[in-house]
K.L.:
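Take this structure, written in structure tokens, and hold onto it; I'll ask about it next.
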Amino acid sequence: MKIRVYQLAKELGVPSKQLVEELKKLGVDIVSYQSTVDEETADLLRELLKAEPSKAAESGKESKVESTEEETVTAEAGKSEKELAPKRPPVVTVMGHVDHGKTTLLDAIRRTRVAEREVGGITQSIGASVVNYKGQKIVFIDTPGHEAFTEMRARGAMVTDIVVLVVAADEGVMPQTIEALNHAKAAGVAIIVALNKMDRPGANPDRVMNQLAAMGLIPENWGGDTIYVPVSAIKGEGIEDLLEAIILIADLLDLRGDPDAPLKAYVIESRLDKGKGPLATVVVREGTLRVGDFVVVGTTYGKIRAMFDDKGDPISSAGPSMPAEIMGIQDVPEAGTLVQRVDSLEEAERIAKSNLDLQRDKQQKTRKEFSLEEILSSSEEEKPVLNLILKADTAGSLEAVQNALLKLEKGEVDMNIIHAGVGAISDGDVILAEASKALIVGFNVRPVGKTNKLIEEKGIKVLTYRIIYDLVDDMANLLKGLVKPKEVEVVLGHAEVRRTFKVPRVGTVAGCYVTDGKIVRNGRVRVLRNGVIVAETSIGSLKRFKDDVREVVQGFECGVGLENFHDIKEGDILEVYTIQEEVA
């Protein structure tokens, strides 16, 4: 029978690190506290560590007591209020690819049938649940995706302590796995990998570990510090090992929360109930939330009339790490909104109205785009760090760009690629850029549709390129501290190709609908197909019905002929832009 090192350490009351050192002295090849030892070795350690304190005791019990008391006083004097606060349960977010079994895994942990109740077996909303394991509580948050996780972080809601990254052992790393991992890394939280679907015939955990190790998640038995737990959510296998790993990481993180501190809680989900009105699920970070409290929740407010736990039972209060659904607020708040306690309903109303006025002012003004100087100055390090999000049209292009950037000589600025992926610049990229103060760099790809509006709304800096040398040169200049580009691009408008026509001696003409801005004759234009640039040319002809026109604005149809490009297809997006010199 074998026992894990950290379990034996807990039994003997010594740090896992000390036990690992003792094993190495005995010639046992142990890598970490997650490793196992046989019963004979465990008994030997029990005898050795039992002898040491008795030997110390023989040398004088009195001096030992004095030393312990002195150390205790010194340690207590050096502790901060947070360190003296009681321990709190870990808050765990489950992330991963869309069909790798996140909710089914939670279902096995909670012993509920959540997955079967959800439409198509896919998570529809954010929920929180409390699991009791061997007398210790663990709070699980099941998010519909990494974007929701990062949206909350962008609003300052640092709720999660540990991320469980679920990867199907038979399929391996998928695009959403990479995105979820990068979002978790950017948040700086502890990561545990759950190798799910181990019951499948094609399960290959070594392949998955190789894939993730290449991304920085080195398994413990390979000399790294990432815990990998093989599980089968369907069969309920490996669930206890996963819970043990979570408790272990939580102990190492030494999570604490003061129930008597000023309230700090965040909304993780909200909804409108026909009978109960606006409801918000919150997770308390510090302090205690109680029925009867007057609260401000962003732009709404109220008096908490009732609270419910994760099982729907009424509760009177919720302390650190605990989730609760609150009833009594005036409106449905956004996820990530801070919950503040105030002294009266009048004060709550005043603060909420002030917050609403500030939000309206922001919406009325066009938010200034983050300058490169602001991105660089956002780093708390002594040396500025340029956070990059890279997107490219193909995996080959992405690899080439990454390799070229990694070879750049570091200058006054350090570079950190927090995410790299294939495909159009998406809403998720924008949200991650906002949360991480990052620059988005696209190679042969562009943002499309509503993503452009989100970029403008969030003020995110986006640079796009068709030539790799231009991209590398600009990044090299940024690393040298030369942050002002000579020219800037101004997007004038977009048009969607609704139909195409073959015109003799002219070629293909596109029947378009202007979705935003304006289309101008002789303007520069990119042809986007699923967010990927397929051509870059200029507008040769622009017509409204049979008349030649100089421009066509949003909401109108037009006929567009492109210079030297006739492979236009229905559904393509025409992005018209101009280049202007930047004013110093």
K.L.:
Enter the distance from Ser436:OG to His183:NE2 here, rounded to the nearest 0.5 Å.
P.N.:
8.0 Å
K.L.:
Would a distance-only check, ignoring hydrogens and angles, find a side-chain to backbone donor-acceptor pair under 3.5 Å from Asn132 to Gly135?
P.N.:
no
K.L.:
Do Tyr266 and Leu338 touch side chain to side chain, with heavy atoms closer than 4.5 Å?
P.N.:
yes
K.L.:
Could you tell me whether Ile234 atom CD1 has more than 12 heavy atoms of other residues or ligands within 6.0 Å of it?
P.N.:
no
K.L.:
Strictly distance-based, threshold 3.5 Å: is any side-chain N or O of Asp161 a donor or acceptor partner for the main-chain N or O of Val91?
P.N.:
yes
K.L.:
What residues form a salt bridge (charged side-chain N to carboxylate O under 4.0 Å, His left out) with Asp199, not counting sequence neighbours?
P.N.:
none
K.L.:
Between the side chains of Arg46 and Glu39, is the shortest nitrogen-to-carboxylate-oxygen separation below 4.0 Å, so that they form an ion pair?
P.N.:
yes
K.L.:
What's the shortest heavy-atom distance between Arg446 and Ala424, and which atoms?
P.N.:
O-CB, 3.6 Å
K.L.:
If we only count heavy atoms from C-beta on, is the Leu478 to Leu439 side-chain gap below 4.5 Å?
P.N.:
yes
K.L.:
For a quick test of reading the model, state the closest non-hydrogen atom pair linking Thr281 to Glu325 and the distance between them.
P.N.:
OG1-OE2, 3.9 Å
K.L.:
Taking Gln211 for the side chain and Val173 for the main chain, is one N or O donor matched with an acceptor at less than 3.5 Å?
P.N.:
yes
K.L.:
Do Asp254 and Lys87 touch side chain to side chain, with heavy atoms closer than 4.5 Å?
P.N.:
yes
K.L.:
Measure from the side-chain N and O atoms of Asn530 to the backbone N and O of Val532, and report whether any donor-acceptor pair falls under 3.5 Å.
P.N.:
no
K.L.:
Answer yes or no: is there a side-chain heavy-atom contact under 4.5 Å between Met475 and Val472?
P.N.:
no
K.L.:
If you compare all heavy atoms of Ile178 against all heavy atoms of Ala420, which two are closest, and at what distance to 0.1 Å?
P.N.:
CG2-O, 4.4 Å
K.L.:
For a 4.5 angstrom cut-off between non-hydrogen side-chain atoms, does Pro323 reach Val139?
P.N.:
yes
K.L.:
Should Asp258 and Arg256 count as an ion pair when the cut-off is N to O under 4.0 Å?
P.N.:
no
K.L.:
What is the distance from atom CG of Leu432 to atom CD of Glu434, rounded to the nearest 0.5 Å?
P.N.:
10.5 Å
K.L.:
For the pair Thr337 and Val339, evaluate side-chain contact (heavy atoms from CB on, under 4.5 Å) and give the outcome as yes or no after the intermediate values.
P.N.:
CA-CA 7 Å; Thr337 305; Val339 181; over 6 Å; no
K.L.:
Might you point out which heavy atoms bring Ala233 and Ala108 nearest each other, and give the distance in Å?
P.N.:
O-CB, 3.6 Å
K.L.:
With the threshold set at 4.0 Å, does a side-chain nitrogen-carboxylate oxygen contact exist between Glu244 and Lys134?
P.N.:
yes
K.L.:
Would the number of heavy atoms belonging to other residues, nucleotides or ligands and lying under 6.0 Å from NZ of Lys453 be above 12?
P.N.:
no
K.L.:
Can Asp393 and Arg466 be counted as an ion pair, charged N to O under 4.0 angstrom?
P.N.:
no
K.L.:
Hey, what do you get for OH (Tyr133) to CG (Leu242), rounding to the nearest 0.5 Å?
P.N.:
9.5 Å
K.L.:
With rounding to the nearest 0.5 angstrom, report the CG to CG distance, Leu252 to Leu255.
P.N.:
10.0 Å
K.L.:
Please say whether more than 12 non-hydrogen atoms of neighbouring residues, nucleotides or ligands are located less than 6.0 Å from CG in Asp273.
P.N.:
yes
K.L.:
Might you point out which heavy atoms bring Ala265 and Val284 nearest each other, and give the distance in Å?
P.N.:
CB-CA, 3.9 Å
K.L.:
Is a donor on one side and an acceptor on the other found under 3.5 Å between the side chain of Asn452 and the backbone of Pro447?
P.N.:
yes
K.L.:
For Lys264, look at atom NZ and say whether over 12 heavy atoms of other residues, nucleotides or ligands are found less than 6.0 Å away.
P.N.:
no
K.L.:
Check the pair Leu528 / Ile533 against side-chain contact (heavy atoms from CB on, under 4.5 Å), numbers first and verdict last.
P.N.:
CA-CA 5 Å; Leu528 307 177; Ile533 303 168; 3.5 Å; yes
K.L.:
Check whether Asp241 reaches the backbone of Val229 with its side chain - one donor and one acceptor, N or O, closer than 3.5 Å.
P.N.:
no
K.L.:
Is it the case that over 12 heavy atoms from other parts of the model lie below 6.0 angstrom from the CD atom of Glu240?
P.N.:
no
K.L.:
If I take atom CG from residue Asp170 and atom CG from residue Asn196, how far apart are they, to the nearest 0.5 angstrom?
P.N.:
9.0 Å
K.L.:
Is there a side-chain contact between Leu217 and Leu165 (heavy atoms, below 4.5 Å)?
P.N.:
yes
K.L.:
Which residues pass the side chain to side chain donor-acceptor pair (under 3.5 Å) test with Lys391, sequence neighbours left out?
P.N.:
Asp429
K.L.:
Is the closest side-chain heavy-atom distance between Pro89 and Ile138 below 4.5 Å?
P.N.:
no
K.L.:
Between Thr288 and Asp260, is a side-chain contact (heavy atoms from CB on, under 4.5 Å) present by the stated rule, with each step listed?
P.N.:
CA-CA 7 Å; Thr288 303; Asp260 299 320; 5.5 Å; no
K.L.:
Quick one: do Leu471 and Leu405 satisfy side-chain contact (heavy atoms from CB on, under 4.5 Å)? Show the steps, please.
P.N.:
CA-CA 9 Å; Leu471 186 159; Leu405 291 180; 4.0 Å; yes
K.L.:
Could you tell me whether the side chain of Ser270 and the main chain of Pro333 form a donor-acceptor pair under 3.5 Å?
P.N.:
yes
K.L.:
Heavy atoms only: give me the nearest Ala438-Ile460 pair and the separation to one decimal.
P.N.:
O-CG2, 4.3 Å
K.L.:
Could you give the distance from OG1 (Thr451) to CG (Asp427), rounded to the nearest 0.5 Å?
P.N.:
4.0 Å
K.L.:
With a 4.5 Å limit on heavy-atom distance, are the side chains of Ile239 and Leu105 in contact?
P.N.:
yes
